[in-house]
Amino acid sequence: MTGLKLSNVRKTYGVLEVIKDVSLEVKPKEFVVFVGPSGCGKSTLLRMIAGLEKITAGDLEIGGKRMNEVEPSKRGIAMVFQSYALYPHLTVRENMGFALRFAGVPKNEIIKQVDAAAQTLELGALMDRRPGELSGGQRQRVAIGRAIVRKPEVFLFDEPLSNLDAELRVHMRIELARLHKSLAATVIYVTHDQVEAMTLADKIVVMRNGLISQVGSPLDVYDNPDNMFVAGFIGSPKINFIKGVVDGVSKSGLTVVLPGYQDAKVTFATKNSSVPVGDSVTVGLRPQHFNTTGKMKFKLNVELVEHLGGESFVYAGNGSGDLITVATQEGRGLKSGQKFDAHIDPAKALLFDANGQRVR
Amino acid sequence: MVYTLLSIAAFVSVFPFLWLIVGATNISSDILSGKTTPGHALFDNIVKLTQQVDLVQLFYNSTKIAVISTILTLIVASLAGYGFEIFKSKFSERVFAGLLAMLSVPFAALMIPLFVTMAQLHLINTHTAVILPTVASIFVIFYFRQASKSFPMELRDAARVDGLREWQIFLFVYMPVMRSTYAAATIITFMASWNNYLWPLIVLQTNEMKTITLAVASLLSAYVPDYGVVMVATTLATLPTLLIFFILQRQFVQGLLGSLK
Amino acid sequence: MAQSSGKTTLTGWLFTGPALMLLTFFMVYPILSSLWMSLQVGKGMNFSFGGFANMWRLTQDAVFQKALLNTLTLLVVQVPIMIALAMLLAVALNDPSLKGRALFRTAIFLPCVTSLVAYSVLFKSMFAYDGVVNRFLEALHILDQPIPWLSDTFWAKVLIILAITWRWTGYNMIFFLAALQNIEPSIYEAARIDGIPRWAQFQKITLPALIPVVLFTTVTSTIGTLQLFDEVNNITLGGPANATMTLSLYIYQLSFKFMPSFGYAATVSYVIVVLVMILSFFQFVAARDRRRP
């Protein structure tokens with residue numbers, strides 16, 4: 001199986017630089033997810049790997065070979081598009097065999113490979129229909145089937161689930177994860193949905209403004225984000241950012257006070273000495289990390305409660321207008337206006353400097 | 001009020017067609033004196049018409065010219081419309097703007113040099129001369145370019161990943177996907193060619209080469225036209241376009257609207 | 001996102017190439033050639049350079065001036081009537097509760113299926129002195145004596161106007177209908193809930209949506225009228241007394257009817273080109289102004 005390597009890759013349109021300097025290594029059989037807000041360059045990067053966009057500078061290697069100038073069809077990749085891009089005038093069977101037909105594969109061989117893929121994806125009953133007669137989920141499966149038939153070394157997915165409804169998206173997500181296991185292939189998957197990224201990826205690549213913000217396993221980027229952007233992008237509901245000021249620096253770490261929350265003074269164990277006393281910093285607190293016993297204490301008033309059944313999201317403030325989101329299992333009795341104390345373990349708090357970089 | 005307006009408009013629009021069919025059954029003097037009831041001269045009129053013109057030849061000429069020029073126009077114009085839309089560059093956009101500017105150049109300004117050119121190429125009185133200048137129709141190029149905007153770019157990407165070359169993408173993906181655009185363009189191009197008058201009038205000189213439209217005009221321009229005969233000829237000349245209209249009304253309207261979008 | 005590397009640009013030109021070659025040969029070259037010709041004088045195929053002699057001839061040529069005046073008269077009278085009528089019919093037909101809507105639409109649209117020659121036949125025969133139109137108008141007591149449509153200089157113009165209007169109103173109506181159908185129905189629903197009166201709905205919602213179509217149809221109709229040939233050549237032959245002579249017909253007659261005078265005919269054709277250019281300029285200005293907020 002084949003890995004993939006990007007070295008100092010750039011993409012410019014005229015004066016506009018959309019991919020600034022990206023280096024990344026994807027191991028064989030790895031499921032890598034590019035995630036980021038729209039316009040961050042993740043789709044462009046994928047299309048550059050596919051050969052649909054020219055690489056302005058830098059190198060792309062697939063399986064150890066430089067692929068910058070190679071035709072898309074000769075890169076050993078297959079791609080599943082956001083709109084599925086099924087040929088509307090062809091049946092499912094013809095769609096799946098289209099690439100092989102143009103590669104000069106003999107007819108009976110095409111039939112064999114198409115049937116095999118159809119079996120994997122349980123498409124048997126749909127083979128003679130046209131895309132227009134299929135549901136969204138079925139089209140999705142055909143698009144994946146078309147990719148499988150080509151036996152690629154690397155699968156590329158461009159926001160494949162974004163056109164499906166919520167329920168089907170969860171279902172397809174699980175199918176995709178299973179498929180990855182059974183095919184044992186390298187996958188590069190682009191999405192703006194951090195839940196998809198968290199659930200599917202072996203390795204998440206968080207992108208922003210044409211640059212990689214952080215690379216890591218899903219839990220790694222969740223627990224240990226490098227900067228405020230990654231912390232804010234990964235995790236739902238969104239992490240709470242609270243402005244603070246460095247109050248003291250000692251051998252044991254940095255002490256930070258949070259104006260407006262006098263019981264929430266916190267000390268971060270860090271050897272980093274670049275943040276002097278008096279500097280403004282930001283403390284990140286995940287909604288899920290709040291409890292009733294932690295040492296940091298926030299005295300709040302409930303503004304709004306969303307009950308999801310199992311858990312509740314409490315939006316509570318100290319009167320300044322800023323709200324803190326707390327996810328709790330015991331929020332059923334809460335009503336707006338009520339007093340509400342939220343606690344959190346200081347070890348779970350994340351510290352960011354004035355530039356949004358993590359202070360460890 | 002609305003119904004009165006629409007009824008009058010519909011009556012005025014349709015009456016000449018009834019007049020045409022009734023006229024084909026009447027003798028010339030009855031037509032000129034406004035007889036609106038069917039007469040008994042249809043057979044006579046047809047016989048007289050076939051004595052004056054070679055109907056089979058006329059229909060053959062019209063059909064041949066219309067079919068060939070439609071096929072060529074569709075190929076050339078769809079290639080160009082696709083090319084301008086998919087392979088945009090600053091320069092190609094300028095060329096396209098130049099084409100649009102030429103869209104409004106009246107044919108009268110072209111016909112003299114065109115005639116001279118055809119004379120130099122010894123193509124006067126040939127169907128080639130009729131067809132050639134109509135093939136690169138800016139209107140149809142424009143129509144295909146507008147339609148190409150709805151051709152999904154991801155389909156092109158998918159085809160490239162599937163290993164198709166550019167011409168294969170055009171032939172095996174674009175053309176079948178854009179079927180309805182081709183259908184609409186076929187209708188408007190065919191009708192334009194079938195109904196074309198001025199240019200064929202200039203380059204076609206002998207009766208064996210003329211189209212049915214030219215024949216109708218020359219019957220009408222006789223010193224004392226026999227209207228019964230003219231009406232039969234006109235009915236025959238209009239029938240094909242009328243049939244196409246009724247069978248493919250939706251594509252026809254779509255074809256017209258294509259230029260506005 | 002289009003790529004603009006050298007290779008894909010070349011591919012693009014391969015697609016547009018056949019059309020561009022044909023257009024160069026059958027469009028660009030003739031345009032330039034007729035500009036050159038317009039500076040030539042002489043009959044038949046014998047040319048000599050005449051400089052601005054042909055333009056001087058224009059100022060002396062009564063037939064040309066009449067043709068120009070006729071063309072402009074037709075334009076100024078016929079185009080507005082037709083556009084207004086097309087818009088009126090489209091608005092009437094756009095009412096979804098109207099019974100027989102499709103039938104009305106098809107009927108009104110039907111004339112534009114006919115060839116220009118075919119409908120010339122119809123109009124020439126219907127508007128004969130004792131013809132069906134005069135008979136009908138007499139029966140309705142609108143007229144007490146027949147109108148000499150084909151032999152009176154005034155009525156001949158009216159006849160041409162009626163003919164063009166018949167042929168093209170339904171065609172233009174289709175564009176208005178399409179624009180009306182593009183208006184989101186929920187906008188009208190919102191207006192109704194907001195209590196906007198119907199005339200204000202028309203003024204504030206319908207009309208603005210139609211203005212681009214008015215522009216488009218006016219320009220195409222005007223260009224069409226400037227090129228008017230088939231009808232006048234077949235119904236009136238430009239007569240009586242050149243009352244329906246148009247520029248295109250005059251160019252045709254100059255070139256192909258009598259002893260050909262290509263140089264002068266080319267000069268006349270450039271008058272049309274200049275008129276179209278002026279018109280396109282106005283259209284450009286209007287379209288640009290509309291795009292400004």
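Predicted model, so just to flag it, every value in this text is computed and none were measured. In what follows, every chain begins at residue 1, and chains take the letters A, B, ... in the order their sequences are listed.
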Short side-chain to backbone donor-acceptor contact, B:Glu154 and A:Ser83, under 3.5 Å: yes
Test salt bridge (Lys or Arg N to Asp or Glu O under 4.0 Å) applied to A:Arg47 and B:Asp157, step by step: CA-CA 9 Å; A:Arg47 292 168 56 83; B:Asp157 291 338; 2.6 Å; yes
CD (A:Gln119) with more than 12 external heavy atoms under 6.0 Å: no
Nearest heavy atoms of B:Arg160 and A:Pro72, plus distance in Å: O-CB, 3.7 Å
B:Leu155 vs A:Pro88 side-chain heavy atoms within contact, under 4.5 Å: yes
Contact class of A:Leu100 relative to chain B, heavy atoms under 4.5 angstrom: neither
Contact origin within A:Arg75 toward chain B - heavy atom pairs under 4.5 Å: neither
B:Tyr3 OH: over 12 foreign heavy atoms closer than 6.0 Å: yes
Heavy-atom side-chain contact between B:Val177 and A:Tyr87 under 4.5 Å: no
B:Leu164 side, atom CG; A:Phe102 side, atom CZ - distance, nearest 0.5 Å: 4.0 Å
Any side-chain heavy-atom pair of A:Leu90 and B:Phe172 under 4.5 Å: no
Side chain, backbone, both or neither of A:Ala78 within contact of chain B (heavy atoms, under 4.5 Å): backbone
Side chain to side chain, A:Arg150 and B:Val161, heavy atoms closer than 4.5 Å: yes
A:Lys107 NZ: over 12 foreign heavy atoms closer than 6.0 Å: no
Heavy atoms from other residues, nucleotides or ligands near CD of B:Glu93 exceed 12 (cutoff 6.0 Å): yes
Approximate separation, where rounding is to 0.5 Å, of B:Arg165 CZ and A:Glu71 CD: 7.0 Å
Pairwise distance CG(A:Leu52) to CZ(B:Arg156) - rounded to 0.5 angstrom: 9.0 Å
Closest contact, heavy atoms only, B:Gly163 versus A:Ser73: CA-CB, 3.1 Å
